[in-house]
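The analysis underlying the following values was restricted to heavy atoms, covering all of them including side chains, and did not include hydrogens, waters or symmetry mates.
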Amino acid sequence: MANLATVGDLDLPKHKVSAGVPATLPKSPRIEAPEHPVSHTHTTMEQALDKGVKAGIAKLTAGLSPIALAAAYADWTLHLASAPGKQLQLLEKAGKKTWRLASYAGFCATHPDTSKTCIDPLPQDRRFRSQNWQKWPYNLFYQSFLLNQQWWHNATTGVEGVTQQHENVVTFAGRQLLDVFSPSNYVLTNPDVVEQTIREGGTNLLRGWQNYIDDASRLYAKQKPVGAEAFEVGRNMATSPGKVVFRNRLIELIQYAPTTDKVRPEPILIVPAWIMKYYILDLSEHNSLVRFLTGQGFTVFMISWKNPDQGDRDLGMDDYLSLGVMDALDAATAITDSETVHAIGYCLGGTLLSIAASAMAREGDKRLGTITLLAAQTDFTEPGELQLFINDSQLAFLEDMMWDQGYLDTTQMAGAFQLLRSNDLIWSRIVHDYLMGERTPMIDLMAWNADATRMPYRMHSEYLRRLFLNNDLAEGRYHVGDRPVTISDIRAPVFMVGTERDHVAPWRSVYKFNLLCDTDVTFVLTSGGHNAGIVSEPGHPHRHYRIATLAKDAPYFDPDRWMAQVDPVDGSWWPALADWLGKHSGAAAAPPPLAPKDKGYPPLCDAPGTYVYQE
């Protein structure tokens with residue numbers, strides 16, 4: 001494999017956390033979900049009253065806790081009020097920025113076509129890249145905005161005594177409020193909109209109004225966005241041929257038909273995230289990871305999660321482990337007669353797979369031959385901007401909202417993710433669709449992104465509290481059954497993928513798996529974001545990745561040094577994964593039967609199954 005750095009090349013090692021289980025402890029042959037004799041949702045009348053009030057407020061605040069926001073604001077304002085030195089510093093900065101802007105305005109008066117600036121946007125800020133912004137008076141508009149934005153960043157950061165979480169919240173909230181007043185968002189202060197309005201005689205604004213009415217009506221009717229109707233599951237998405245071979249109340253298991261004369265004896269079991277539909281890994285024919293892997297001579301199984309409703313409110317993490325990963329693993333090994341499986345987990349599915357692998361290692365279950373984790377976190381101390389919504393106050397508020405309806409709705413999740421990238425997902429769309437009067441052509445990845453799922457009350461509460469808030473898995477407190485599990489028990493080799501621009505599972509957070517495990521890890525850092533970086537098929541333009549194997553018995557190698565010393569490779573990382581899986585597989589042989597009745601797994605229906613169609 002091209003440019004595969006090894007431990008000998010880089011001396012890339014890792015710190016080990018020992019938390020093994022004594023060999024004398026009893027072992028269970030099967031990880032089972034516990035019974036729920038008492039409903040997780042049982043409350044007293046007084047508790048129901050409290051929860052009902054907060055659930056009602058949550059519907060007005062899109063799930064954001066006003067108490068959590070007020071606490072962060074009070075922490076910042078009170079500490080700032082008692083810091084005269086910081087106040088003097090901010091006053092000084094305000095004076096300097098005012099002078100810089102006045103000097104710049106004077107320079108522009110005599111040099112109206114200048115490209116000189118007094119402050120540059122951040123690299124990720126694409127709002128002011130057009131050359132039209134360098135013309136007077138628009139250059140003054142956006143330069144003034146950026147200076148103001150920089151001053152507020154200085155005001156909300158570096159205030160001694162403010163907790164880091166509260167500082168992050170205040171900074172984030174300040175940025176969101178300032179972005180509302182960006183000159184790029186208004187007709188008269190955006191030179192590109194002014195130019196197009198003059199050129200088209202205002203018809204762009206008419207089209208924009210029509211676009212707005214169309215979007216608003218679709219949102220009200222809970223319809224998919226414009227253009228999504230061109231992409232249909234089973235017609236031009238999720239079309240890899242196969243059979244549903246197993247179904248329970250939580251999953252359907254798809255076995256895909258072989259596309260080669262011979263296949264590796266070890267099957268691949270893919271555990272996707274349940275926050276969205278599974279078929280991001282089986283999009284169109286040209287960018288389907290399923291088709292790629294079957295084309296490389298592997299038997300592939302895929303979990304398709306049910307879209308939960310109010311009746312599933314008491315499904316917990318242990319249910320997702322037992323009814324999801326373990327039932328699917330039993331079926332895959334029985335159908336293929338294989339003692340080991342290549343397990344692949346994506347996002348939340350990768351976190352769940354890590355928990356399953358830890359529990360299986362604790363019990364002496366060695367059916368996982370290899371583990372592949374795609375943009376999946378196991379340590380949640382640095383989960384990116386999602387941590388803005390993770391504290392006791394916010395989670396209690398969110399839990400009461402879910403208690404009322406039994407699940408977290410798709411629109412509530414989408415709103416949180418849009419806030420994290422408001423410039424790209426909210427304001428840029430307003431400008432493009434409503435002011436410029438244009439439409440971005442729909443693609444398969446965007447259509448999949450609009451096909452969201454719900455999250456059960458119990459599971460999502462456990463996930464957020466036990467992993468995001470308490471970091472139980474990384475710190476040895478996460479229980480499966482009646483005992484804790486630990487990542488350091490895993491001995492199967494691991495292939496990990498992080499993406500450079502991931503705002504959901506930042507790659508440095510993903511990389512922390514190396515601090516927890518005691519096995520060889522091949523780490524890949526690929527270009528793109530959380531979704532586009534994973535859907536990175538061969539031939540996709542402008543793709544690159546870095547790859548290196550880190551040995552289990554060497555000292556820790558920090559992520560920034562790792563990135564600096566591992567050279568990028570042009571192209572897709574998918575062939576590197578196939579090559580790595582091949583090296584950990586046996587000799588190819590005739591493919592196993594598809595949905596064999598004699599083994600108790602007859603075909604229930606054709607792929608993509610029925611759960612994927614649930615709204």
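Judged by distance alone, the side chains of Asn471 and Thr381 never bring a donor and an acceptor atom under 3.5 Å apart. There is no side-chain donor-acceptor pair under 3.5 Å between Thr453 and Lys306. Checked by atom type, the side-chain pair Ser288/Asp282 shows a donor-acceptor distance below 3.5 Å. When only modelled atom types and interatomic distance are considered, Ser572 and Glu537 share no side-chain donor-acceptor pair under 3.5 Å. Side-chain contact, Ser488 with Asp518: no donor N or O sits under 3.5 Å from an acceptor N or O. Between the side chains of Thr370 and His342, at least one donor N or O lies within less than 3.5 Å of an accepting N or O. Looking at Thr299 and Thr336, their side chains never bring a donor and an acceptor atom within 3.5 Å of each other. Defined by atom type and a distance below 3.5 Å, a donor-acceptor pair is present between the side-chain atoms of Asp451 and Tyr279. Looking at Ser428 and Arg126, their side chains never bring a donor and an acceptor atom within 3.5 Å of each other.
The backbone N or O of Ala578 sits nowhere less than 3.5 Å from a side-chain atom of Gln296 that would complete a donor-acceptor pair. When atom types are taken as modelled, the side chain of Asp327 and the backbone of Gly324 share no donor-acceptor pair closer than 3.5 angstrom. Checking side-chain atoms of Ser527 against main-chain N and O of His544 turns up a donor-acceptor pair under 3.5 Å. Between the side chain of Ser509 and the main chain of Ala505, no donor-acceptor pair closer than 3.5 Å is present. With Thr239 contributing its side chain and Arg235 its backbone, the two residues share no donor-acceptor pair below 3.5 Å. The backbone N or O of Asp472 lies less than 3.5 Å from no partner atom in the side chain of Arg466, so there is not a single donor-acceptor pair. Side chain of Asn470 to main chain of Leu467: no donor-acceptor pair is present (N/O by atom type, distance under 3.5 Å, no hydrogens or angles). Proximity of a side-chain donor or acceptor of Thr526 to a complementary backbone N or O of Thr499 within less than 3.5 Å is not detected. Using modelled atom types, no side-chain atom of Asp579 and backbone atom of Pro575 make a donor-acceptor pair closer than 3.5 Å. The closest donor-acceptor contact from the side chain of Trp573 to the backbone of Gly533 lies under 3.5 Å.
Few gaps surround CD on Gln614; more than 12 heavy atoms of other groups in view lie less than 6.0 Å from it. Within 6.0 Å of CG in Asp598 there are more than 12 heavy atoms belonging to other residues, nucleotides or ligands. When the shell of 6.0 Å around CZ of Arg218 is examined, it contains more than 12 heavy atoms from other residues, nucleotides or ligands.
Classification of Asp570 and Arg543 as a salt-bridged pair fails, no side-chain N sitting under 4.0 Å from a carboxylate O. Using a cut-off of 4.0 Å between Lys/Arg side-chain N and Asp/Glu carboxylate O, Asp330 and Arg367 are scored as salt-bridged. Ion pairing between a basic and an acidic side chain is recognised when a charged N comes within 4.0 Å of a carboxylate O; Asp379 and Arg508 show no such pairing. Ion pairing between Asp489 and Arg362 fails under the 4.0 Å rule for side-chain N and carboxylate O. Ion pairing of Lys366 with Glu339 is absent here, as no side-chain N (NZ or NE/NH1/NH2) approaches a carboxylate O to less than 4.0 Å. Ion pairing between Lys599 and Asp337 holds under the 4.0 Å rule for side-chain N and carboxylate O.
Counting heavy atoms from C-beta outward, Pro568 and Tyr545 have side chains that stay 4.5 Å or more apart. Looking only at side-chain heavy atoms (C-beta outward), Val271 and Ile344 stay at 4.5 Å or farther from each other. With a 4.5 Å cut-off on side-chain heavy atoms, Ile335 and Val245 count as touching.
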Derivation and outcome, salt bridge (Lys or Arg N to Asp or Glu O under 4.0 Å), residues Glu615 and Lys222: CA-CA 10 Å; Glu615 295 291 339; Lys222 296 184 178 181; over 6 Å; no
Trace of the ring pair (Phe, Tyr, Trp, His ring centres under 6.0 Å) decision for His530 with Tyr346: CA-CA 10 Å; His530 185 71; Tyr346 176 38; 5.7 Å; yes
Full working for salt bridge (Lys or Arg N to Asp or Glu O under 4.0 Å) between Arg439 and Asp215: CA-CA 11 Å; Arg439 284 288 197 191; Asp215 289 344; 2.9 Å; yes
Trace of the side chain to side chain donor-acceptor pair (under 3.5 Å) decision for Ser461 with Glu399: CA-CA 6 Å; Ser461 175; Glu399 285 168 346; 2.6 Å; yes
Step-by-step side-chain contact (heavy atoms from CB on, under 4.5 Å) determination, Leu473 to Val485: CA-CA 7 Å; Leu473 179 60; Val485 297; 4.2 Å; yes
Worked check of salt bridge (Lys or Arg N to Asp or Glu O under 4.0 Å) between Glu500 and Arg546: CA-CA 10 Å; Glu500 291 177 351; Arg546 292 173 168 85; 3.5 Å; yes
Verdict with reasoning, Arg249 to Asp312, per salt bridge (Lys or Arg N to Asp or Glu O under 4.0 Å): CA-CA 9 Å; Arg249 66 168 296 189; Asp312 301 310; 2.8 Å; yes
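Every residue two or more places apart in sequence or in another chain that forms a side-chain contact (heavy atoms from CB on, under 4.5 Å) with Leu594 is listed here: Lys243, Gln255, Ala257. For Tyr320, the ring-ring contact (aromatic ring centres under 6.0 Å, His included) partners at least two apart in sequence or on another chain are Trp274, Trp305. In this view, Ala357 and Leu368, Ile371, Ile490 satisfy the side-chain contact (heavy atoms from CB on, under 4.5 Å) rule, not counting sequence neighbours.
For the atom pair Ser536 OG and Leu289 CG, the distance stands at 10.5 Å (nearest 0.5 Å). Put simply, CD1 on Ile268 and OG1 on Thr372 are 7.5 Å apart, with the number rounded to the nearest 0.5 Å. Taking CG of Asn531 as the start and CG of Asp502 as the end, the distance is 8.0 Å to the nearest 0.5 Å.
Classification of the Tyr511-Phe523 ring pair by plane angle, with boundaries at 30° and 60°, yields perpendicular. Ring orientation note: the planes of Phe380 and Tyr463 are nearly perpendicular, at an angle over 60° on the 30°/60° scale. Note: Trp562 and Trp507 have tilted aromatic rings, judged against thresholds of 30 and 60 degrees for the angle between ring planes.
A ring-centre distance under 6.0 Å is not found for Tyr256 and Phe301.
Considering every non-hydrogen atom in both Cys347 and Ala376, the closest pair reads O-CB, 3.5 Å.
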